Amino acid sequence: MLQQREKQARRTGLPELANAEKGKVVLRFAPNPNGPLSFGHARGIIINGEYAKEYDGELILRFDDTDTSKKPPLVKAYDLIQQEAEWLLGFSPHRIIIASDRIAEYYSHVELMLEGGFGYVCKCSAEQFREYRVGMTDCPCRSYSTVDNLEFWQDMLDGTYQPGDAVVRVRTDMTLRNPALRDWPALRIQDTEANPHPRATVGSKYRVWPLLDFQSAIEDHLQGVTHIIRGKDLMDSTRKQKLLYEHFGWDYPETMYWGRVKVHEWGGFSTSQMRKDIEAGLFEGWSDPRLPTIASLSGSGIQASALRNFWTELGVTQKDIAVPLATLYSHNIKIIDDDAPRIAFIRDPVALTLVGVNESFVEIPTHPNTSNLGTRKIDLQNSVVFVEREDLQHHKLRLKEFGDFDIKDNQAHFVAKERTDKRKIIHWTSKDSSVDASLQRVIDGEICLLKGKLEEHQLPSNTPVQIERIGYGIIAAHDKIIFTHD
RNA sequence: GCUCGUAUAGUGUAGUGGCCCAUCAUAAAGGACUCUCAUUCCUUUGACCCGGGUUCAAAUCCCGGUACGAGCACCA
């Protein structure tokens with residue numbers, strides 16, 4: 001007992017998984033493909049993915065596309081989500097599951113449940129059942145025989161019942177303290193004639209569809225999921241599913257939860273709402289830079305690894321949090337700055353004629369801290385340079401990496417190559433080495449295109465750059481830069 | 001209403017009874033470096049929700065408040 005404990009090092013990265021054996025961990029991320037991935041989804045993908053990586057386990061990407069009317073899937077979202085998941089993770093999910101391809105499996109488990117007597121077909125209305133639930137009294141349908149239940153089940157399948165007429169419930173206990181757990185619904189009927197499933201191979205093939213708690217529970221078991229990490233809004237879902245697992249005699253996976261996340265700058269983010277707004281023409285599409293989607297983030301220069309660092313740093317606490325985007329930006333800068341070429345963009349450009357300059361060009365470093373990126377050559381054949389109008393408040397200026405100049409009547413009179421005083425250092429470019437270009441930036445909820453002169457470059461699209469004295473951005477085209485952040 | 005959960009600096013986060021007058025990051029302020037209002041580096045400011053209890057010892061355990069959030073959907 002005299003031994004002194006070493007000062008415990010600060011834990012970094014994600015906390016350990018309970019009961020996890022390296023190589024035998026199976027995790028999953030299960031979005032509804034009613035739109036591409038949002039910033040919030042990234043947490044699910046990244047946390048589960050990082051654990052899969054850390055434990056040499058597997059990550060399943062599962063499409064929970066079982067609602068055809070309230071949150072109908074978007075056909076193109078299946079592919080988009082796969083691409084976005086791969087981009088975020090840096091690897092492809094090990095398995096892809098689509099719930100709507102698995103209906104037969106779910107049906108066979110319904111039959112097991114009905115035969116085992118731990119499920120029943122309930123023909124009460126939702127309102128009626130709510131009264132039973134609140135009153136902690138058994139619903140009359142609870143006492144049907146197995147034979148009856150199997151017959152009613154067939155009636156659900158063959159169209160005898162309409163949506164709302166019958167559901168399959170898991171028999172738990174109507175006196176459970178937690179009302180959410182009392183004989184919870186497992187499957188319901190949807191009118192897939194009026195609202196066919198958007199996937200052509202599914203369409204109107206099924207009328208009876210599982211609800212999340214049932215579908216997810218069965219699928220997790222079939223896939224051998226060992227750990228479920230999800231939002232704490234699904235805590236009661238876990239409790240419901242555990243009751244079902246007990247009926248089947250299965251072991252429930254280990255679970256972890258995270259709390260609600262808000263971003264100061266965005267507020268909440270609902271895929272359904274975004275979809276409405278896009279369809280209403282409020283936004284240009286899922287990659288609109290004002291939207292909190294993965295498409296928007298990646299399109300405006302946020303790196304996947306920045307998102308990974310961001311979410312793993314937040315970890316898996318159950319606290320509801322509000323985070324500023326500054327934290328994400330700081331991660332992004334750490335990733336891109338060392339390799340980001342410097343480039344000049346002159347807003348509100350004013351042309352100045354050089355006086356007293358003999359050189360036909362100047363060569364300046366592409367990155368101030370490393371020579372690996374080489375130099376850029378600025379042509380001066382025409383002796384005309386561009387500077388920002390705002391900088392002309394001063395009449396003694398230093399053109400960065402070029403020389404000191406005195407400004408008079410739109411002429412820049414050469415003073416010296418070396419610094420002669422403390423005059424302001426500004427970025428600039430030349431007429432010969434620049435093009436008319438624009439800088440796309442979101443300002444007060446508007447997408448703005450700032451016109452200006454962009455230094456000539458041969459950088460491919462999507463290259464992260466540092467726009468001198470302005471901030472960071474990515475190359476969108478030869479004559480366009482998309483602003484990322486300060 | 002019933003049920004469940006969470007509460008550490010401005011914002012996040014570490015901490016599972018003595019290493020803690022509490023970690024790290026970010027933000028803010030100041031400074032160094034720098035031919036960018038960038039990067040890097042240094043310094044400073046700043047927190048255990050409240051009240052009881054257990055204990056030699058509590059951010060850590062217990063009880064009670066309070067605040068916030070979630071579930072009680074034939075959504076996911």
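It should be emphasised that the depicted structure is a prediction, and the values quoted were computed from it without experimental measurement. Letters A, B, ... mirror the listed sequences (proteins, then strands); counts begin at 1.
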Next on the checklist: For Tyr78(A), does the six-membered ring have the charged nitrogen or CZ of Arg199(A) within the cation-pi criterion, i.e. under 6.0 angstrom from the centroid and within 45° of the normal?
Outcome noted: yes
Next on the checklist: Between Arg188(A) and Leu211(A), does the side chain to side chain contact (heavy atoms under 4.5 Å, CB included) criterion hold? Intermediate values first, please.
Outcome noted: CA-CA 7 Å; Arg188(A) 81 329 201 161; Leu211(A) 289 152; 3.7 Å; yes
Tell me what [X] touches on the nucleic acid: a base, only sugar-phosphate, or nothing, going by heavy atoms under 4.0 Å.
X: Leu212(A); answer: base
X: Ile333(A); answer: sugar-phosphate
X: Ile364(A); answer: nothing
X: Ala322(A); answer: sugar-phosphate
X: Glu313(A); answer: sugar-phosphate
X: Thr66(A); answer: sugar-phosphate
X: Asn369(A); answer: base
X: Tyr472(A); answer: sugar-phosphate
X: Ser216(A); answer: nothing
X: Pro31(A); answer: nothing

Atom [atom1] of [X] to atom [atom2] of [N]: distance rounded to whole Å?
X: Arg275(A); N: rC75(B); atom1: CZ; atom2: C1'; result: 14 Å
X: Arg239(A); N: rU3(B); atom1: CZ; atom2: P; result: 12 Å
X: Gln190(A); N: rC74(B); atom1: CD; atom2: C1'; result: 9 Å
X: His331(A); N: rU13(B); atom1: NE2; atom2: P; result: 12 Å
X: Arg11(A); N: rC20(B); atom1: CZ; atom2: P; result: 19 Å
X: Leu211(A); N: rC72(B); atom1: CG; atom2: P; result: 11 Å
X: Lys242(A); N: rC4(B); atom1: NZ; atom2: P; result: 14 Å
X: Asp65(A); N: rA76(B); atom1: CG; atom2: C1'; result: 11 Å

Checklist entry - When Asp406(A) is tested against each of His413(A), His395(A), Arg423(A) for side chain to side chain donor-acceptor pair (under 3.5 Å), which residue passes? => result Arg423(A)
Is a donor-acceptor pair below 3.5 Å formed from side chain [X] to base [N], judging by atom type as modelled?
X: Arg398(A); N: rC35(B); answer: yes
X: Gln466(A); N: rU39(B); answer: no
X: Arg469(A); N: rA38(B); answer: no
X: Arg177(A); N: rU3(B); answer: no

From the list [options], which nucleotide is the closest neighbour of the side chain of [X]?
X: Arg188(A); options: rC75(B), rC2(B), rC35(B); result: rC75(B)
X: Ala126(A); options: rC74(B), rU11(B), rA38(B); result: rC74(B)
X: Gln318(A); options: rU13(B), rC35(B), rU6(B); result: rU6(B)
X: Asn178(A); options: rC75(B), rG71(B), rC35(B); result: rG71(B)
X: Lys334(A); options: rU11(B), rA76(B), rU26(B); result: rU26(B)

Next on the checklist: The test is side chain to side chain contact (heavy atoms under 4.5 Å, CB included); show your working for Glu50(A) and Arg308(A) and say whether it passes.
Outcome noted: CA-CA 8 Å; Glu50(A) 289 294 308; Arg308(A) 286 200 289 271; 3.2 Å; yes
Next on the checklist: Can you classify the ring geometry of Phe405(A) versus Phe414(A) as parallel (below 30°), tilted (30 to 60°) or perpendicular (above 60°)?
Outcome noted: perpendicular
Checklist entry - Taking the six-membered ring for Trp, are Trp428(A) and Phe386(A) ring centroids under 6.0 Å apart? => result no
Checklist entry - For the rings on Tyr106(A) and Tyr206(A), is their centre-to-centre separation under 6.0 Å? => result no
Item to check | Proximity to RNA chain B (any heavy atom under 4.0 Å), residues of residues 151-172 of chain A only | outcome: Gly164(A), Val167(A)
Next on the checklist: Less than 4.0 angstrom from a charged side-chain N to a carboxylate O is my criterion; do Lys242(A) and Glu246(A) meet it?
Outcome noted: no
Next on the checklist: Check this for me, if you would: do Asp348(A) and Arg389(A) make a salt bridge, where the nitrogen-to-carboxylate-oxygen distance has to be below 4.0 angstrom?
Outcome noted: yes
Next on the checklist: Both Ser330(A) and Lys319(A) contact RNA chain B. Which one's nearest nucleotide lies toward the 5' end?
Outcome noted: Lys319(A)
Next on the checklist: By nearest heavy atom, map Asp338(A) and Pro368(A) onto RNA chain B; which one lands nearer the 5' end?
Outcome noted: Pro368(A)
